[in-house]
Amino acid sequence: TMSLIKVKGSSITGALAAVDGSALTGITSGATEVDQWFVTSQFTASGNTVVENNWSRRSAAHGFNKIGTGMTAPSSGIWAFPSTGVWEITWSVFAYHNSASTYIGTHIYSSENNFSSAIEAAQTYTNTVDGGNRHVGGFVKYIFDVEDVSTHKVRFNVESQNNTDFKADSSAGRMMATFIRLGDTP
């Protein structure tokens with residue numbers, strides 16, 4: 001066994017030896033992928049609708065710079081990942097309805113088979129049942145283990161009972177998706 005000697009810090013003088021950390025394992029420098037995209041144009045939708053078009057990456061003008069490869073704009077609303085790993089995905093929505101709507105939904109769908117089938121991975125609902133001319137918002141978050149970049153994908157949907165204006169904006173980022181790679185797939 002090894003015995004330890006206790007020394008008061010105030011008793012140490014002179015230069016201390018450097019510690020070699022080359023043999024340490026399991027230490028990372030933080031997130032290796034961070035990206036943020038927003039919808040640039042307002043649209044009207046009813047029912048459960050995939051948000052397919054008008055996506056733009058946040059820029060330095062918005063105080064953002066991606067880390068890593070970053071995501072690629074979606075194809076038909078389907079997002080592919082640049083690398084495997086465990087990803088945190090968030091989706092925020094802003095809507096306006098000028099008459100009562102029983103529900104307005106915010107959804108993240110995921111797939112492990114390139115959307116031959118889909119999993120409703122995260123959802124939230126709000127409403128404007130107390131009358132018209134209402135602004136509402138929704139926010140969902142999902143942790144997704146992307147084991148294969150060719151098959152594991154996500155898409156973002158909005159849902160409403162009646163025609164609802166989803167208030168995207170060319171600069172304000174009212175409707176945004178954020179992707180953060182948290183670490184390696186287990």
Side-chain angles (χ1 to χ4, degrees), residues 1-2 4 18-40 45 47-60 62-95 103-126 136-160 166 168 173-186:
T1 67
M2 180 188 233
L4 297 175
V19 176
D20 177 11
S22 62
L24 296 175
T25 60
I27 298 173
T28 62
S29 61
T32 57
E33 294 277 354
V34 177
D35 207 354
Q36 192 169 60
W37 290 70
F38 67 106
V39 181
T40 60
N48 197 334
T49 305
V50 178
V51 181
E52 295 183 5
N53 302 311
N54 301 312
W55 288 95
S56 180
R57 176 178 281 126
R58 295 294 276 184
S59 68
H62 298 109
F64 176 78
N65 287 296
K66 71 178 174 67
I67 297 172
T69 304
M71 303 295 287
T72 302
S75 171
S76 300
I78 297 173
W79 293 81
F81 293 85
S83 60
T84 60
V86 176
W87 288 77
E88 177 182 273
I89 304 143
T90 61
W91 171 226
S92 60
V93 169
F94 181 60
Y103 59 85
I104 295 172
T106 305
H107 308 270
I108 297 174
Y109 286 87
S110 66
S111 178
E112 296 178 353
N113 57 18
N114 204 23
F115 277 98
S116 291
S117 61
I119 300 163
E120 188 165 26
Q123 66 174 331
T124 189
Y125 286 93
T126 189
V136 295
F139 177 85
V140 289
K141 182 188 293 192
Y142 175 53
I143 305 293
F144 188 31
D145 184 7
V146 177
E147 297 172 344
D148 184 333
V149 296
S150 66
T151 58
H152 288 55
K153 300 181 180 181
V154 295
R155 72 174 189 233
F156 302 104
N157 285 42
V158 294
E159 185 178 10
S160 64
F166 290 91
R174 292 177 177 167
M175 295 182 62
M176 287 202 308
T178 302
F179 304 87
I180 301 172
R181 186 180 182 277
L182 300 174
D184 296 335
T185 191

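Given the structure is predicted, the values throughout are model-derived calculations rather than measurements.
Looking at Asp145, Thr84, Asp148 one by one, the single match for side-chain hydrogen bond (donor to acceptor under 3.5 Å, both in side chains) with Thr185 turns out to be Asp145. Residue Ser160 is tested with Thr49, Val136, Ile104 for a side chain to side chain contact (heavy atoms under 4.5 Å, CB included); the sole match is Ile104. Of the options Tyr125, Trp91, Phe139, Phe156, a ring pair (Phe, Tyr, Trp, His ring centres under 6.0 Å) to His107 is made by Tyr125 and by none of the others.
Heavy atoms only, all atoms of each residue included: Arg181 and Trp87 are closest at N-CE3, 3.6 Å. The shortest heavy-atom contact between Trp79 and Arg155 is CD1-CA, 4.4 Å. Scanning all heavy atoms of the two residues, the minimum distance from Ser56 to Thr40 falls at CB-CG2, 3.5 Å. Nearest heavy atom pair, residue Trp37 against residue Ala73, reads CH2-N, 3.5 Å. In this structure, Ser110 and Val154 approach most closely via the heavy-atom pair CB-CG1, 4.1 Å. Considering all non-hydrogen atoms of both residues, Ile180 and Ala31 come closest at CG2-CB, 4.2 Å.
Here Lys141 contributes atom NZ and Ile89 contributes atom CD1; the two are 11.5 Å apart, rounded to the nearest 0.5 Å. With values rounded to the nearest 0.5 angstrom, Phe115 atom CZ is found 9.0 Å from Lys153 atom NZ. Atom CD1 of Ile108 sits about 10.5 Å away from atom CD of Glu120, to the nearest 0.5 Å. Here Asn54 contributes atom CG and Phe38 contributes atom CZ; the two are 10.5 Å apart, rounded to the nearest 0.5 Å. Taking CD1 of Ile119 as the reference point, atom OH of Tyr142 lies at 5.5 Å (rounded to 0.5 Å). Annotation: the span from Thr72 atom OG1 to Asp35 atom CG amounts to 8.5 Å, rounded to 0.5 Å.
Formation of a donor-acceptor pair under 3.5 Å by the Arg57 side chain with backbone atoms of Met71 is found in this model. The main-chain N or O of Gly70 is found under 3.5 Å from a side-chain atom of Glu33 such that the two form a donor-acceptor pair. No donor-acceptor pair under 3.5 Å is formed between the side chain of Ser111 and the backbone N or O of Ala118.
Inspection of the Gln36 and Thr178 side chains reveals an N or O donor paired with an N or O acceptor under 3.5 Å.
Taking the six-membered ring where tryptophan is involved, the planes of Phe179 and Phe81 are perpendicular, since the angle between them exceeds 60° and thus also 30°.
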Assess the residue pair Trp55 and Val39 against the criterion (side chain to side chain contact (heavy atoms under 4.5 Å, CB included)); give the C-alpha distance rounded to whole Å, side-chain angles, the decisive distance to 0.1 Å, and a yes or no.
CA-CA 5 Å; Trp55 288 95; Val39 181; 3.8 Å; yes
Could you please spell out the steps behind the side chain to side chain contact (heavy atoms under 4.5 Å, CB included) verdict for Arg58 and Met176?
CA-CA 9 Å; Arg58 295 294 276 184; Met176 287 202 308; 3.7 Å; yes
